[in-house]
Amino acid sequence: MISLYDTLAGEVRPLATREPGKVALYACGPTVYDHPHLGHARSALTYDVLRRYLEWRGLDVRHVANITDIDDNIINRARDEGRTEGEVAVEWEAVYVDAMAKLGVLDPHERPRATEWVREMVDFVGRIMDVGAAYSTPTGVYLRVRDVAGYGDLVHRDLDDLRASAGARVEVDEAKEDPLDFALWKAAKPDEPSWPSPWGPGRPGWHIECVAMSLGILGDDFDIHGGGNDLVFPHHTNERAEALAVGRTFARHWVHNAMLNIEGTKMSKSLGNYRTVVEMLDEHPLNGRAFRLLVLQTHYRKTMEVNPELMASARSAVQRLDALSRRAAAAGIDIISRSGGTSGASRAVGAWTDDEWTVLPTSSHGPSLDHAAVEAFREAMDDDLGTPQAVAAIFDTLRRANAALDAGSEDAATLVATVRDLSERGLGIPNAGPPHLAGRLGAGGSTCAPGVTVLPDGGDDGGDDDGGLTASGEGGMAEDTPGPSDAEIEELVTRRQATREAKDWAAADALRDELSAMGVVVEDTPAGPVWHRQ
RNA sequence: GCGCCGGUGCCCGAGCGGACCAAGGGAACGGCCUGCAAAGCCGUAAAGCCGCGGGUUCAAAUCCCGCCCGGCGCUCCA
């Protein structure tokens with residue numbers, strides 16, 4: 001049974017979906033007017049992992065993540081740059097989508113844009129007017145908050161409490177009946193983009209966007225509504241109020257991820273600790289996977305810390321995953337297959353530079369998995385997405401796999417396959433770089449046999465109930481590999497191997513230094529040297 | 001001010017009443033392996049320990065009360 005913390009209930013509850021076997025998930029996306037930052041990435045990663053896990057469990061997930069492409073920030077930027085709002089939004093949406101792809105975030109099934117749903121938003125506002133829960137003023141249409149019973153339930157605060165804060169902070173709009181009332185529709189100001197409406201030209205308020213799109217696409221009573229915990233109030237509170245005002249049932253579960261701090265404080269431009277996803281990714285080819293691992297090592301409801309040291313330690317951990325793949329390959333256990341260039345259409349994410357690889361499906365003909373490890377993983381994930389413990393289970397299995405490899409045990413194949421399945425398909429962390437990173441020379445001269453899985457005894461995974469090991473392949477993340485070509489490297493590795501066989505250690509070491517200077521690491525295994533780029 | 005969430009080993013971070021498990025990751029040190037490395041495995045005593053002070057309990061890092069410190073929200077925000 002899968003449980004999740006529900007913000008509205010204030011406790012961990014079993015995930016009770018509207019339809020058995022299906023999950024309708026709506027996660028609030030970004031407003032596109034600037035570079036996505038690490039916080040956007042943490043949020044996107046949270047729902048990506050939630051989705052992957054639900055799918056790993058065999059559930060049919062419909063994931064919707066919106067793009068807010070019209071708002072004050074976009075308008076301001078467009079004005080500053082002398083462009084249209086549309087141009088600004090299109091540009092930054094592309095940057096966002098590309099950055100998420102590089103983080104291995106699967107494309108949501110639908111990515112609605114606010115501007116494409118204005119008609120539905122106008123209709124929605126109209127219905128709220130019809131039931132008398134809203135009123136129109138010269139500046140726009142406002143929801144009368146006191147008409148909505150349980151308005152503050154999501155934030156667990158009552159009206160007076162909220163009002164005390166609001167009055168003190170925000171300049172009170174004279175036209176509003178209550179400082180808490182918020183705009184459903186904003187009357188157009190000169191030079192601003194606008195759409196026609198029964199209340200005059202204007203544009204939708206922020207909250208109405210998500211209500212119209214989530215209910216419009218997923219329908220009433222959809223399963224999970226997620227977003228950053230900074231959206232609990234006012235955004236989600238107001239979305240909910242709009243839906244309740246017209247008597248519609250909204251999200252069954254509210255999931256909110258915590259914020260991300262850099263050097264102890266929330267990042268912000270003014271503090272100079274604002275970090276974009278692109279910068280982070282550019283700093284090191286392993287950072288995409290490292291950041292995902294770092295995010296997963298902290299529970300999603302707890303503020304997490306990011307700094308260069310932590311990124312470095314996460315990179316080291318990622319390298320252990322890769323090392324296992326190399327060791328397994330050297331031992332003849334190879335569950336990586338090269339897909340001959342076909343870039344799986346359903347694949348959401350960018351391929352590994354020029355090569356693309358995938359993991360063989362483990363459904364019916366796949367290798368058997370280690371039952372205890374799978375159970376530990378599932379137990380951790382079922383309990384409110386316990387990714388830190390899930391990661392622990394994976395690394396524990398990784399250690400066992402290495403030990404089995406050392407011992408030449410038959411269990412090795414199963415354990416290696418388990419590590420791969422859980423980390424890649426369950427959490428979205430690919431285990432090895434492009435196949436050529438595992439390029440292998442030596443006595444046998446064999447390279448990874450395409451599509452071949454050499455594993456003993458491919459029985460199913462212990463016949464346990466709903467392991468749901470049925471989803472398909474894995475998305476990759478871009479990790480550029482500039483520098484010397486494979487041929488150049490293999491040339492040096494081959495020469496070094498010759499000197500080693502001649503026991504000319506000095507020459508061998510010199511060649512290794514040379515390779516090392518090129519960023520290439522050579523490991524001598526019983527089956528011959530194996531190399532990979534740093 | 002109001003609300004919420006945290007303070008666990010050198011660092012990050014699980015655990016949230018009882019298992020000689022304070023998980024897992026990183027760093028460090030020792031051993032094995034190796035031509036040397038890398039990768040990998042094994043190990044890292046005793047004492048003490050889970051912000052501080054009380055309390056509840058046969059039993060608390062885990063529950064209650066108080067205090068100190070930190071973060072976030074209440075305003076566009078993932």
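Here is how names work: the chains are called A, B, and so on, in the same order as the sequence lines, proteins then strands, and each is numbered from 1.
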Extract the stems that RNA chain B is part of, considering only consecutive pairing runs of at least three Watson-Crick or G-U wobble pairs, both distances under 3.5 Å. B:1-7 with B:68-74, B:10-12 with B:24-26, B:28-32 with B:40-44, B:51-55 with B:63-67
Do the side-chain N and O atoms of A/Thr525 and A/Arg326 include a donor-acceptor pair separated by under 3.5 angstrom? no
Could you say whether A/Gly227 or A/Leu310 is positioned toward the 5' end of RNA chain B, judged by the nucleotide with the nearest heavy atom to each? A/Leu310
Check: A/Leu106 main-chain N/O paired with A/Asp48 side-chain donor or acceptor under 3.5 Å: yes
For the residue pair A/His35 and A/Trp92, categorise the inter-ring angle as parallel (less than 30°), tilted (30 to 60°) or perpendicular (more than 60°). perpendicular
In B/S/- notation, 5' to 3', how is nucleotides 33-40 of chain B contacted by protein heavy atoms closer than 4.0 Å? --BBBBSS
Within the structure shown, what part of the strands sits under 4.0 Å from A/Leu405 by heavy-atom distance: base, sugar-phosphate, or nothing? nothing
I need the NZ-P distance between A/Lys302 and B/C5, as an integer number of Å. 14 Å
Would you say the side-chain atoms of A/Asn287 and A/Arg315 include a donor-acceptor pair closer than 3.5 Å? yes
A/Asn229 CG to B/C72 P, straight-line distance once rounded to whole Å: 11 Å
May I have the distance from A/Leu294 (atom CG) to B/A14 (atom C1'), rounded to whole angstrom? 14 Å
Any donor-acceptor N/O pair under 3.5 Å between B/A78 base and A/His37 side chain: yes
Report yes or no: does A/Arg533 contribute a side-chain atom to a donor-acceptor pair with the main-chain N or O of A/Pro484 at less than 3.5 Å? yes
Report the distance from atom CG of A/Asp48 to atom P of B/A78, rounded to the nearest whole Å. 18 Å
Of the nucleotides B/G25, B/C74, B/A27, which one has an atom closest to the side chain of A/Ser316? B/A27
Atom-to-atom span, CG of A/Leu162 to C1' of B/C74 - whole angstrom: 8 Å
Under the ring pair (Phe, Tyr, Trp, His ring centres under 6.0 Å) test, which residues partner A/Trp254, sequence neighbours left out? A/His225, A/His236, A/Phe250
Rounded to the nearest Å, what distance is computed from the CG atom of residue A/Asn261 to the C1' atom of nucleotide B/G6? 11 Å
Can you check the A/Glu309 CD to B/C12 P distance for me, whole Å? 10 Å
Roughly how many Å is it from CD1 in A/Ile262 to C1' in B/C72, rounded to a whole number? 15 Å
Identify whether any heavy atom of A/Thr31 sits under 4.0 Å from a base atom; if not, whether one sits that close to sugar-phosphate; answer base, sugar-phosphate or nothing. sugar-phosphate
Closest-nucleotide mapping onto RNA chain B: is A/Ser313 or A/Leu38 further toward the 5' terminus? I mean the 5' end. A/Ser313
